[in-house]
Number of protein chains: 2
Amino acid sequence: MATGRTHRPATRSRGIPEATVARLPLYLRALTALSERSVPTVSSEELAAAAGVNSAKLRKDFSYLGSYGTRGVGYDVEYLVYQISRELGLTQDWPVVIVGIGNLGAALANYGGFASRGFRVAALIDADPAMAGKPVAGIPVQHTDELEKIIDDNGVSIGVIATPAGAAQQVCDRLVAAGVTSILNFAPTVLSVPDGVDVRKVDLSIELQILAFHEQRKAGEEAAGEPGAVPLAPKESGKGPDGDVPAVMPA
Amino acid sequence: MATGRTHRPATRSRGIPEATVARLPLYLRALTALSERSVPTVSSEELAAAAGVNSAKLRKDFSYLGSYGTRGVGYDVEYLVYQISRELGLTQDWPVVIVGIGNLGAALANYGGFASRGFRVAALIDADPAMAGKPVAGIPVQHTDELEKIIDDNGVSIGVIATPAGAAQQVCDRLVAAGVTSILNFAPTVLSVPDGVDVRKVDLSIELQILAFHEQRKAGEEAAGEPGAVPLAPKESGKGPDGDVPAVMPA
DNA sequence: CACTGTGAAACCGTTCACAGCG
DNA sequence: CGCTGTGAACGGTTTCACAGTG
């Protein structure tokens with residue numbers, strides 16, 4: 001994802017597969033809902049349905065954590081909530097800083113899901129001096145100058161970047177230099193980070209583009225081989241790399 | 001992801017692998033940047049670095065699109081931009097509706113990346129009557145009552161859900177009933193949709209939880225087998241599913 | 001000669017199917 | 001008997017290494 005190594009080789013001896021890790025939060029959410037309704041146990045089938053996966057996958061996933069179920073019965077909801085929380089490291093509180101308090105940064109600061117489980121917004125940081133001191137989601141925005149001090153004082157190891165693309169790498173470098181080792185990047189840029197720093201990327205326009213691809217597929221399919229509509233241009237025909245480049249390019 | 005089938009089996013005869021599709025937007029962005037700097041050609045090595053992947057993967061990816069490179073030289077930037085745009089369906093304009101104009105919805109409406117490449121925000125929809133008529137990002141918010149009419153009038157096939165979790169499934173059902181076949185879901189819920197509808201999910205708290213997992217790993221590792229600090233609870237010891245359930249559970 | 005395009009190998013993730021256990 | 005836990009089969013993805021070509 002980033003140029004430097006992004007997440008370690010995933011081949012730690014006792015490692016849980018990445019794909020499984022990515023689903024644990026899903027299970028945890030479903031379990032928490034059950035817990036709130038005081039449901040004592042679930043079968044893999046029921047829980048899988050609630051989490052939107054199939055039961056075989058869920059059982060395999062849980063098998064990496066240990067044998068936490070009871071054959072013939074299912075899983076103890078409370079117990080699993082605890083085990084998964086612990087595995088994810090949510091039994092401790094992670095202080096998080098958000099850098100870039102524009103529309104998105106403000107939305108993130110206000111997002112309830114942050115504060116609720118294991119995360120605490122330790123500070124909001126923005127480069128605009130006019131923002132400094134203004135409270136967003138009840139937290140006063142601080143100026144970028146303070147970044148290193150904030151990271152250090154609060155022992156922050158997770159940073160969220162919600163700046164414009166142009167500023168992202170620079171902010172990233174400062175976060176990393178100050179000791180942050182996990183970054184959630186909302187800016188549409190590839191970040192490069194040193195070994196040992198994890199970057200996850202959330203990119204709205206990429207998600208839309210993937211949807212558009214499938215959408216186009218559907219359209220092309222339902223009227224397969226029809227003239228008009230989506231011009232499913234020659235796939236194998238024009239191989240010559242230049243000469244007849246259509247003058248498209250939106251801008 | 002969702003309960004109903006989410007994306008088709010990916011085994012369309014001439015299909016481009018999902019993993020490749022997910023990277024095309026990345027390549028496109030890197031290429032667009034090169035194009036703006038009037039760079040005429042790139043090697044797979046250079047482009048791969050810019051996109052944050054390795055060159056073998058990039059070449060394999062491009063090989064699914066056809067033979068668009070020149071051996072000994074590289075790829076023609078303009079030509080590739082066009083080919084990838086076409087493959088992703090971005091040579092047409094996709095009208096998109098955003099439902100739920102809270103902090104996040106507003107951020108999305110203002111997000112430049114939406115409008116810039118192939119997407120147009122056709123309407124903003126919110127359930128709060130007080131919002132109706134108020135412009136956000138220059139577009140007046142419309143009431144949920146109008147949803148079906150808006151979808152229909154604008155020929156919208158892509159919807160973005162930025163409502164609270166509780167409203168998401170209901171909004172989703174209405175979008176689908178009105179003809180939307182691709183959904184980008186920001187609400188922290190599993191959506192169930194009928195066959196043929198694609199759902200992609202963006203979940204902030206899940207991303208953070210995945211980072212927390214790796215973060216905890218790092219902490220446990222650098223002081224392996226030390227007392228104090230992160231209590232790396234017994235991994236293989238307590239197997240008995242109940243009896244000694246720690247009374248944790250944050251709420 | 002440098003770089004693409006691609007078979008083949010290695011790897012990872014998912015699904016199947018059933019043995020094993022409460 | 002019902003449901004978990006898991007080895008084995010499968011399919012997709014990444015990486016390797018090099019033949020092929022402008």
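Quick note: numbers below take in every heavy atom, side chains included, and nothing from hydrogens, waters or symmetry partners.
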- Would you call Y27(A) and I84(A) a side-chain contact if the rule is heavy atoms closer than 4.5 Å? yes

- Query: Once you round it to whole Å, what is the distance between P of dT4(C) and OH of Y68(B)?
  - Reply: 16 Å

- Task: Specify the separation, in whole Å, of atom OH of Y64(A) and atom P of dT6(D).
- Result: 10 Å

- Query: Between dT14(C), dT14(D), dG5(C), which nucleotide has the shortest distance from any of its atoms to the side chain of R23(B)?
  - Reply: dT14(D)

- Task: From the options dA8(C), dT13(D), dG5(C), select the nucleotide whose nearest atom is closest to the side chain of A19(B).
- Result: dT13(D)

- Query: Considering only heavy atoms and no angle criterion, is a donor-acceptor pair shorter than 3.5 Å present between the side chain of R71(B) and the base of dT21(D)?
  - Reply: no

- Task: Could you tell me whether G74(A) contacts a base, only the sugar-phosphate backbone, or nothing, with contacts defined as non-hydrogen atoms closer than 4.0 Å?
- Result: sugar-phosphate

- Examine dG22(C): is either OP1 or OP2 under 4.0 Å from a nitrogen or oxygen in the side chain of Y75(A)? Give yes or no. no

- Protein-nucleotide distance (E18(A), atom CD; dG13(C), atom P), rounded to Å: 8 Å

- Rounding to a whole Å, what distance do you find between L47(B):CG and dT4(C):C1'? 13 Å

- Query: Which of these nucleotides, dG5(C), dG7(C), dT13(D), is closest to any side-chain atom of S67(B)?
  - Reply: dG5(C)

- Query: Taking the six-membered ring where the residue is Trp, are the ring centres of F62(A) and Y68(A) under 6.0 Å apart?
  - Reply: no

- Taking for each residue the nucleotide of DNA chain C bearing the nearest heavy atom, is the 5' side occupied by S44(B) or by N54(A)? S44(B)

- Task: Please lay out, stage by stage, how F213(B) and I16(A) fare under the test side-chain contact (heavy atoms from CB on, under 4.5 Å).
- Result: CA-CA 10 Å; F213(B) 172 86; I16(A) 298 174; 4.2 Å; yes

- Task: With heavy atoms under 4.0 Å as the rule, sort F62(A) into base, sugar-phosphate or nothing.
- Result: nothing

- Query: Counting side-chain heavy atoms from C-beta on, which of dT14(C), dT13(D), dA8(C) comes nearest to P17(B)?
  - Reply: dT13(D)

- Message: C172(B) vs V193(B), test: side-chain contact (heavy atoms from CB on, under 4.5 Å). Steps then yes/no.
- Response: CA-CA 8 Å; C172(B) 173; V193(B) 293; 3.5 Å; yes

- So, do P40(A) and V77(A) sit near enough that their side-chain heavy atoms are less than 4.5 Å apart? no

- Integer-rounded Å distance: dG20(D) C1' and R59(B) CZ: 13 Å

- Nearest whole angstrom, please: distance from the P of dA8(D) to the NZ of K60(A). 10 Å

- Task: Could you please name the option among dG13(C), dT4(D), dT14(D) that lies closest to any side-chain atom of S43(A)?
- Result: dT4(D)

- Message: Nearest whole Å is fine: how far is dA10(C) P from K57(B) NZ?
- Response: 19 Å

- Item | Atom-pair distance (CG on D76(A); P on dT4(D)), nearest Å | 13 Å

- 5′-ward residue of the pair D61(B)/V42(A) relative to DNA chain D: V42(A)

- Could you please name the option among dC16(C), dG13(C), dT6(C) that lies closest to any side-chain atom of S63(B)? dT6(C)

